[in-house]
Amino acid sequence: MENDKGLIIVLSGFSGAGKGTIMKHLLQSHPKEYNLSISATTRSMRPSEQEGREYFFKTKEEFKAMIDNDELLEYAEFADRSYGTPRSYVEELINAGKDVILEIEVQGALQVKEKYPDALLLFVTPPDAQTLKERLVGRGTEPPEVIAQRLAISSKESHLMEKYDYLIINDILEDSVNKVHNIIQSEHARTNRNLDSIAKMQEELTIFAKTDK
Ligand code: ADP
Ligand code: 5GP
C-alpha cells in the first residue's frame, strides 16, 4: 500500500437520503480538504443544476463513447439513466495525495471497491423509510412515478448496506456532516495508511539507540 496517495471516499445512499446536502455542507466547511468528483449522466438537468457543477450532462451516444474510450472509472444504470465517474480527475487527485469524494449509487460503489480496495465506503440513510419518502417528496424534483421508482430501487439497495464500511444515519444534518468528516480523518490516522511515518520513526529511533548508548 502506498501512503502518500489521497483517499477515495465513496458516499452512497438512498435517493433523497441527503447525500447531496451533506456533501454541500462538508465542502463549505472544509473547502481545502475535499474534492468532489463530478459525474457524467444521461439524465436531464434539474432547474437548480448547472452543466459541470452537479454533473456533466451527456447524450446516450456521448456517454457510450466515454465507456468505449475507457474514460470512466465506473458506471451504472439508475432509474433508466446512465451515470459514471470520469477516471482522469480521480486519478490525478489521488496521485497528488488529495482526497476525492464520489457521490455514487451502490453498483458503482462496489466497482470502485473492487478496483481500489483501500477506498472508504460510506452509506447515508435517513432514520426511517417514512422520512425518506417525505424528503424525496419534499425536494420536489421528481414526479410521483419517479419517486415510486426511486423508493423501489432503495428497497433493493438496502440489501447492500452491509457492504459499506460506515453507516451515516442522517437525522440532524450538522451531526451527519461532522460524522463524515471525522470518519475520513480517522481513516487517515490508520496505522496501515501511515507506514512511511512508522518507518521514519523506527529509523530515527534506531539511530538514537545506537548513538545514545
Ligand atoms: P440525495 O442527494 O441523497 O438524493 P438530497 O441531499 O437532495 O438527497 O436531500 C433530499 C431532501 O432532504 C432535500 O430537500 C434536503 O434539503 C433534505 N434533507 C437532507 N438532509 C436532511 C436532514 N438531515 N434533515 C432534514 N432534511 C434533510
Ligand atoms: P440523481 O439523479 O438523484 O442526481 O442521482 C441518482 C443516483 O445516481 C444517486 O444515487 C447518485 O448517487 C448516483 N450517481 C451519481 N453519479 C454517479 C456516478 O458517477 N456513478 C454511479 N454509479 N452513480 C452515480
Side-chain angles (χ1 to χ4, degrees), residues 8-28 36-58 62-63 66-67 71-90 100-116 119 121-143 146-158 160-161 163-164 167-180:
I8 294 183
I9 300 127
V10 173
L11 190 75
S12 299
F14 309 124
S15 181
K19 304 177 295 293
T21 309
I22 292 174
M23 272 313 306
K24 198 171 141 207
H25 284 79
L26 187 71
L27 292 171
Q28 270 167 5
L36 180 63
S37 158
I38 313 286
S39 298
T41 182
T42 60
R43 86 146 159 76
S44 44
M45 203 190 294
R46 293 175 185 152
S48 62
E49 294 178 330
Q50 261 178 36
E51 164 67 22
R53 190 179 66 188
E54 280 80 10
Y55 286 103
F56 298 110
F57 294 92
K58 303 286 176 192
E62 287 168 341
F63 196 90
M66 291 182 88
I67 296 173
E71 288 172 35
L72 298 176
L73 188 102
E74 61 71 37
Y75 60 92
E77 292 285 307
F78 182 94
D80 306 325
R81 297 287 181 271
S82 303
Y83 295 80
T85 304
R87 175 194 301 284
S88 58
Y89 180 72
V90 173
V100 58
I101 305 183
L102 277 50
E103 194 202 308
I104 63 178
E105 55 68 67
V106 291
Q107 306 160 68
L110 300 179
Q111 291 174 44
V112 172
K113 190 74 181 175
E114 225 166 75
K115 282 185 197 159
Y116 294 93
L121 266 54
L122 315 180
F123 194 93
V124 180
T125 177
D128 51 64
Q130 183 61 29
T131 307
L132 178 64
K133 192 173 178 185
E134 283 166 13
R135 285 189 189 164
L136 258 183
V137 172
R139 186 169 69 186
T141 49
E142 279 85 18
V146 176
I147 290 180
Q149 183 189 28
R150 286 183 174 226
L151 284 172
I153 294 172
S154 296
S155 169
K156 286 193 185 144
E157 287 179 337
S158 67
L160 292 167
M161 287 163 83
K163 299 221 178 260
Y164 282 72
L167 184 67
I168 314 292
I169 299 174
N170 179 25
D171 189 359
I172 309 295
L173 179 62
E174 197 189 343
D175 292 350
S176 305
V177 176
N178 289 335
K179 211 174 273 181
V180 170

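Just follow the structure's listing: the first ligand is 1, and inside any ligand the first atom is 1. Positions are given from 1, in the same order as the sequence printed here. Predicted model only: the values in this text are computed from it and were never measured.
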For [atom], grab the closest protein heavy atom and report residue, atom and distance to one decimal in Å.
atom                    : value
atom 7 (O) of ligand 1  : R139 NH1, 2.9 Å
atom 19 (O) of ligand 2 : S39 OG, 2.6 Å
atom 8 (O) of ligand 1  : G18 N, 3.1 Å
atom 26 (N) of ligand 1 : R135 NE, 3.5 Å
atom 15 (C) of ligand 2 : Y55 OH, 3.2 Å
atom 20 (N) of ligand 2 : E74 OE2, 2.7 Å
atom 16 (O) of ligand 1 : T21 OG1, 4.0 Å
atom 10 (O) of ligand 2 : E105 CB, 3.5 Å
atom 2 (O) of ligand 1  : G20 N, 2.9 Å
atom 3 (O) of ligand 2  : R150 NH1, 2.7 Å
atom 10 (C) of ligand 1 : G16 O, 3.6 Å
atom 20 (N) of ligand 1 : N170 ND2, 3.1 Å

Under 4.0 Å from a heavy atom of [X]: give me the atoms of ligand 2 that qualify, with their elements.
X    : value
G84  : 18 (C), 19 (O), 20 (N)
T85  : 19 (O)
G108 : 22 (N)
F78  : 6 (C), 7 (C)
A76  : 22 (N)

Does atom [atom1] ([X]) have a neighbourhood of more than 12 heavy atoms from anything else shown, all under 6.0 Å?
X    : atom1 : value
Y75  : OH    : no
I153 : CD1   : yes
K163 : NZ    : no
E114 : CD    : no
E51  : CD    : yes

For ligand 2, indicate whether the residue [X] contacts it via side chain, backbone, both or neither (heavy-atom separation under 4.0 Å).
X   : value
R43 : side chain
Y83 : both
R46 : side chain
R81 : neither
E54 : neither

Requested in this report: Give the contacting part of V124 toward ligand 1: side chain, backbone, both or neither, where contact means a heavy-atom distance below 4.0 Å.
Outcome: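 It is neither part, as no heavy atom is under 4.0 Å.
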
Is [X] in polar range of ligand 2, meaning some N or O pair under 3.5 Å apart?
X    : answer
A40  : no
E49  : no
E142 : no
R139 : no

[atom2] on [Y] to [atom1] on [X], rounded to 0.5 Å:
X    : Y    : atom1 : atom2 : result
K133 : L151 : NZ    : CG    : 7.0 Å
S82  : K58  : OG    : NZ    : 13.0 Å
M66  : F56  : CE    : CZ    : 8.0 Å

Are the side chains of [Y] and [X] in contact, using a 4.5 Å heavy-atom criterion?
X    : Y    : result
L167 : M161 : yes
F14  : L136 : no
F57  : T41  : yes
V100 : Y89  : yes
S12  : E105 : no

Under 4.0 Å, counting heavy atoms only: does [X] come that close to any atom of ligand 1?
X    : answer
I22  : no
G13  : no
S176 : no

Out of all atoms in ligand 1, which are within 4.0 Å of some heavy atom of [X]? Include the element for each.
X    : result
D171 : 22 (C), 23 (N), 24 (N)
S15  : 4 (O)
F14  : 3 (O)
L173 : 23 (N)

Query raised in the report: Are F63 and Y83 near enough that their ring centres are under 6.0 Å apart?
Result: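 No, too far apart.
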
Requested in this report: List the steps, then state whether side-chain contact (heavy atoms from CB on, under 4.5 Å) holds for V112 with V90.
Outcome: CA-CA 11 Å; V112 172; V90 173; over 6 Å; no

Report task. Would you check if there is a donor-acceptor pair between the side chains of R46 and S48 at a distance under 3.5 Å? Result ->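 No, because no side-chain N or O of S48 sits under 3.5 Å from a partner of the opposite role on R46.
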
Query raised in the report: Ignoring hydrogens and geometry, is there a side-chain-to-backbone donor-acceptor pair from K19 to E103 under 3.5 Å?
Result: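 Looks like no, no N/O pair under 3.5 Å.
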
Requested in this report: Keeping the roles fixed (side chain from R135, backbone from A17), state whether a donor-acceptor pair exists under 3.5 Å.
Outcome: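 Present.
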
Query raised in the report: Judging by distance only, is a nitrogen or oxygen of G138 under 3.5 angstrom from one on ligand 1?
Result: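 The answer is no, given that G138 and ligand 1 share no N or O pair closer than 3.5 Å.
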
Report task. Evaluate the side chain to side chain donor-acceptor pair (under 3.5 Å) criterion for residues Q130 and E134: first the C-alpha distance (whole Å), next the side-chain angles of each, then the deciding distance (0.1 Å), finally the verdict. Result -> CA-CA 6 Å; Q130 183 61 29; E134 283 166 13; 3.1 Å; yes

Query raised in the report: Under 4.0 Å between a Lys/Arg side-chain N and an Asp/Glu carboxylate O for E49 and R43?
Result: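 Yes.
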
